[in-house]
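For reference, positions follow the sequence shown, starting with 1.
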Amino acid sequence: MRTPTNIAYLFCILLLFTAISDGLAQKKKKDKRNTTTADFNEELTNELLENLASDSEDADIDFDTFYETLSDLQASPLAINTASFEDLSELPISSQQLNSVLEYREKYGDITSIYELQAIPGIDAQTAMLLANFVQVDAGEKAKTPIGRMLFGGKNQLLLRYQRTLEDQKAFLPVSDTVGPKFLGGPERIYARYRYNFGTRLSYGITAEKDPGEEFFRGTQKRGFDFYSAHFYINNVGPVRHLALGDYEIRLGQGLVAWSGLGFRKGSYVLDIIRKAKPIKPYTSVDENNFYRGVAANIGSNNLNATIFASYKPIDANLVEPADTTIETTEGDDATGEDGGFDTGVTSLQSSGFHRTESELFDRDAVNQLHLGGGLKYRGSNYSIGVNALYMRLDTTLRSSQQAAPHNLYRFEGNSLLNASVDYRLVLPHINLFGEVAFSDNGGFAILNGALFDLDKHIQLSVLHRHYSAEYQSLNSGAFAESSAPNNERGIYFGARIQPIPKWSLKTYYDMYRHPWLKFLTDAPSHGADFLAELEYKHSRRVNMYLRYRNEVKKKNAVGNETASDYLTNHEKMNLRYNIKYKIGNGFVLQSRVEISRYNNGVDGPEKGYVVLQDINYRPSNLPFTISSRFALFDTDTYNARIYAYENDVLYAFNVPPYFNKGSRFYIVGKYEISRNFTCWLRFGQTYFANQDVISSGDNEIQGRTKSEVKAMLRVKF
């Protein structure tokens with residue numbers, strides 16, 4: 001572990017470099033290069049990912065749909081004067097700003113110029129400049145565009161991506177001279193996607209992916225890719241507001257019943273606690289589970305509309321093998337049928353999407369899953385109310401082998417589940433109220449209520465209270481919660497964004513929560529608290545910086561306990577980050593960061609860590625290429641003190657690795673526009689561990705001190 005003196009030394013060097021760079025920037029002439037829409041798109045996505053990654057324990061975030069929505073709006077800007085609430089919810093603005101646009105439009109009529117956006121309360125100059133890339137003030141695409149033109153007069157795009165880890169991993173090596181590798185396929189990940197879109201009105205396409213270790217056009221995968229997804233989507237055709245065939249996403253209410261795709265959690269976007277999105281969206285990602293397959297439609301008007309959908313698809317599950325007849329159901333009956341024969345069932349539903357081994361292939365598509373559901377929503381001038389329902393059925397019975405564990409007492413078992421809810425939204429002067437009440441057919445309930453306050457143009461507040469019973473069950477939810485699912489949790493969240501003086505802003509939240517029943521590795525009712533404060537200083541369009549402090553304390557089982565029963569201790573995690581981004585002209589954008597972490601489990605001594613990183617991004621205005629790179633030094637006592645940091649990547653790929661142990665990491669990404677229709681990306685990254693001779697463990701074990709990965713991507717437009 002490095003000493004505090006060494007950390008201070010590195011920090012001083014970083015600040016000196018910052019000062020020199022800023023001084024050089026001041027000597028440059030004013031940069032006349034306007035930031036392009038693509039730059040806005042990429043920078044916004046990076047910022048959102050940074051905030052979401054700080055809350056993700058596994059740092060596995062799927063942002064494809066979000067990124068693609070911004071790209072579609074970039075190519076076909078939204079007509080801001082005629083856009084509905086749902087259309088405006090696609091824009092990268094807060095709920096308060098969305099309401100301000102609607103109120104301004106109703107009070108003053110059509111917005112006549114992009115520059116008028118700054119006159120809308122709550123829309124500052126920076127936000128207006130951002131929106132100018134995604135909206136237009138004219139009529140936009142005509143609602144009566146001929147269907148033939150929409151089907152064939154739009155844009156085609158083909159994406160091909162290849163990536164792999166260069167070092168040999170254990171599962172890809174022969175077990176012995178006579179036994180081959182554990183994984184049946186090669187170490188490469190291959191991704192292909194074709195998509196056609198006519199602005200935001202119509203989209204169809206197909207996506208395919210092969211994961212590392214899966215066979216490709218041979219053996220068990222003679223059809224090629226392991227995963228295929230296809231969709232057809234159209235909106236605003238007569239009374240049909242949205243229609244999706246094939247694979248799609250569903251987003252209802254505040255997510256207590258159904259929410260697939262992106263949903264903000266706790267982070268420095270302290271006001272974005274409300275769910276807002278179109279109820280139906282086409283699915284274009286490669287998560288092999290979190291989507292629906294079938295048909296979905298939203299029909300009606302802006303005031304009254306109904307959403308209906310039906311989905312039927314196979315999913316992976318751990319099958320109960322005939323020899324295993326000891327698994328008990330919730331009622332205590334064994335897994336045999338009335339006649340003593342074996343009753344087929346599954347012990348768990350799988351979500352990894354991996355089909356690399358014989359056992360994983362045995363579990364592939366083991367169960368068929370049916371979803372039937374919908375919602376009815378009425379929206380007035382300043383309020384809305386909706387009812388939602390979702391019925392799920394498996395064609396076999398789920399009997400968890402872990403049900404005997406006390407913390408799994410309320411875990412879903414059986415073959416069917418029904419959820420229903422009522423959601424509301426009420427917009428008053430300077431106050432936005434929202435909430436949802438949901439039930440599951442086993443008697444469980446979940447309640448969420450929140451409010452957003454515009455106290456002043458410099459002060460905005462957010463409050464959210466949730467009460468999720470331990471009995472509430474939902475397999476498709478995506479509501480605001482500390483845990484991964486909205487059950488066994490009670491809490492209240494307070495957030496604030498304050499701009500006391502120009503160029504300075506403070507964002508903070510405090511979340512208190514309780515778990516009335518047991519949880520995994522928590523063998524008693526528990527509680528916790530999470531606090532974040534971020535002070536940001538925007539010196540100019542060239543230089544901005546922030547200081548972020550986050551601390552979370554939660555009760556969990558004491559580590560290393562050898563007594564007869566477990567007891568709880570405070571597990572505390574603290575992160576302190578200083579980040580500065582600065583432009584030095586001629587297309588260079590630099591970012592420097594120092595972050596330290598501290599973890600304490602209440603038994604052993606504190607575990608500490610730090611990361612120092614430097615990004616150099618080069619985006620010349622008159623050349624057809626861009627380069628992004630990073631070099632980082634890290635040193636942590638344990639994995640518990642790990643630090644996450646988002647990395648730039650090729651298009652539609654996102655990487656948020658954890659930095660832990662001791663070593664260094666660098667990556668470089670290059671993008672080159674070969675022609676108007678051809679663009680390619682290349683990426684290389686490598687992590688060096690100074691204190692390890694073996695990296696990772698199990699199937700991913702690497703003999704050595706380095707782990708390297710390479711990616712290549714080609715986009716063809718035609």
Side-chain angles (χ1 to χ4, degrees), residues 65-66 69-70 72-112 114 116-117 120 122-123 131 134-145 150 197-203 233-244 248-254 259 261-262 272 274-282 296-309 374-388 423-427 432 434:
T65 305
F66 172 78
T69 296
L70 292 186
D72 290 345
L73 289 173
Q74 169 189 335
S76 181
L78 187 65
I80 195 168
N81 289 319
T82 58
S84 66
F85 174 89
E86 293 174 351
D87 294 330
L88 293 173
S89 68
E90 299 286 278
L91 297 172
I93 57 177
S94 69
S95 182
Q96 297 100 311
Q97 291 169 329
L98 189 157
N99 291 329
S100 293
V101 172
L102 293 173
E103 292 173 1
Y104 183 91
R105 202 172 66 183
E106 183 176 353
K107 185 175 182 179
Y108 299 105
D110 286 353
I111 297 170
T112 58
I114 289 295
E116 190 179 346
L117 293 173
I120 301 175
I123 305 292
L131 286 178
F134 301 116
V135 302
Q136 57 183 340
V137 297
D138 58 17
E141 296 175 1
K142 301 298 182 181
K144 296 184 179 180
T145 304
M150 285 196 291
N197 70 290
F198 184 82
T200 58
R201 293 286 308 281
L202 184 143
S203 170
Y233 171 83
I234 190 170
N235 64 15
N236 295 328
V237 178
V240 179
R241 296 159 55 86
H242 310 281
L243 174 65
Y248 56 89
E249 296 179 350
I250 291 293
R251 302 174 181 181
L252 301 176
Q254 291 300 308
W259 193 278
L262 175 65
D272 284 329
I274 184 173
R275 297 286 187 262
K276 54 182 180 67
K278 293 180 178 179
I280 302 171
K281 291 183 67 67
N298 179 264
I299 303 171
S301 64
N302 286 336
N303 296 112
L304 179 64
N305 59 82
T307 300
I308 53 174
F309 60 94
L376 182 66
K377 184 174 290 292
Y378 179 80
R379 180 174 286 113
S381 59
N382 64 339
Y383 69 94
S384 68
I385 186 168
V387 293
N388 313 287
D423 71 273
Y424 72 92
R425 182 167 178 162
L426 176 62
V427 180
N432 185 357
F434 62 93

Exercise. Considering the options Ile308, Asn298, Leu243, which one meets the side-chain contact (heavy atoms from CB on, under 4.5 Å) requirement together with Ile280?
Worked result: Asn298
Problem set entry | Residues Glu86, Lys276: salt bridge by 4.0 Å N-O rule | no
Exercise. Side chains of Ile114 and Ile80: does their closest heavy-atom pair fall under 4.5 Å?
Worked result: no
Exercise. So do the side chains of Lys377 and Asn388 get within less than 4.5 Å of each other, counting heavy atoms only?
Worked result: no
Exercise. What distance separates Ser381 OG from Glu103 CD, expressed to the nearest 0.5 Å?
Worked result: 10.0 Å
Problem set entry | Under-4.0 Å salt bridge between Asp423 and Arg275 | no
Problem set entry | Leu91 side chain reached by Leu73 side chain, heavy atoms, under 4.5 Å | yes
Problem set entry | Inter-residue atom distance Ile234.CD1 - Arg241.CZ, 0.5 Å rounding | 14.5 Å
For this session: Check side chain to side chain donor-acceptor pair (under 3.5 Å) between Thr112 and all other residues, then give those that pass, not counting sequence neighbours.
Result: Glu116
For this session: Using the six-membered ring wherever Trp is involved, compare the ring planes of Tyr383 and Tyr378 and label them parallel, tilted or perpendicular (cut-offs 30° and 60°).
Result: tilted
For this session: Drop me the distance from Leu102's CG to Ser84's OG, to the nearest 0.5 angstrom.
Result: 9.0 Å
Problem set entry | Sidechain-backbone polar pair: Asn81 side chain, Ile111 backbone, donor-acceptor under 3.5 Å | yes
Exercise. Do Tyr233 and Lys281 come within less than 4.5 Å of each other through their side chains, counting heavy atoms only?
Worked result: no
Exercise. Distance from Leu304 atom CG to Leu376 atom CG, nearest 0.5 Å?
Worked result: 5.5 Å
Problem set entry | Side-chain touch Leu78/Thr200, heavy atoms, less than 4.5 angstrom | no
Exercise. Thinking salt bridges, do Arg251 and Glu249 make one under a 4.0 Å N-O criterion?
Worked result: yes
Exercise. About how many Å separate CD1 of Ile250 and CH2 of Trp259, when rounded to the nearest 0.5 Å?
Worked result: 11.0 Å
Problem set entry | pair Arg201-Val237: side-chain heavy atoms closer than 4.5 Å | yes
Exercise. Roughly how far, to the nearest 0.5 Å, is CD of Gln136 from CG of Leu131?
Worked result: 13.5 Å
For this session: Output all residues satisfying side chain to side chain donor-acceptor pair (under 3.5 Å) with Asp110, sequence neighbours left out; order by chain, then residue number.
Result: none
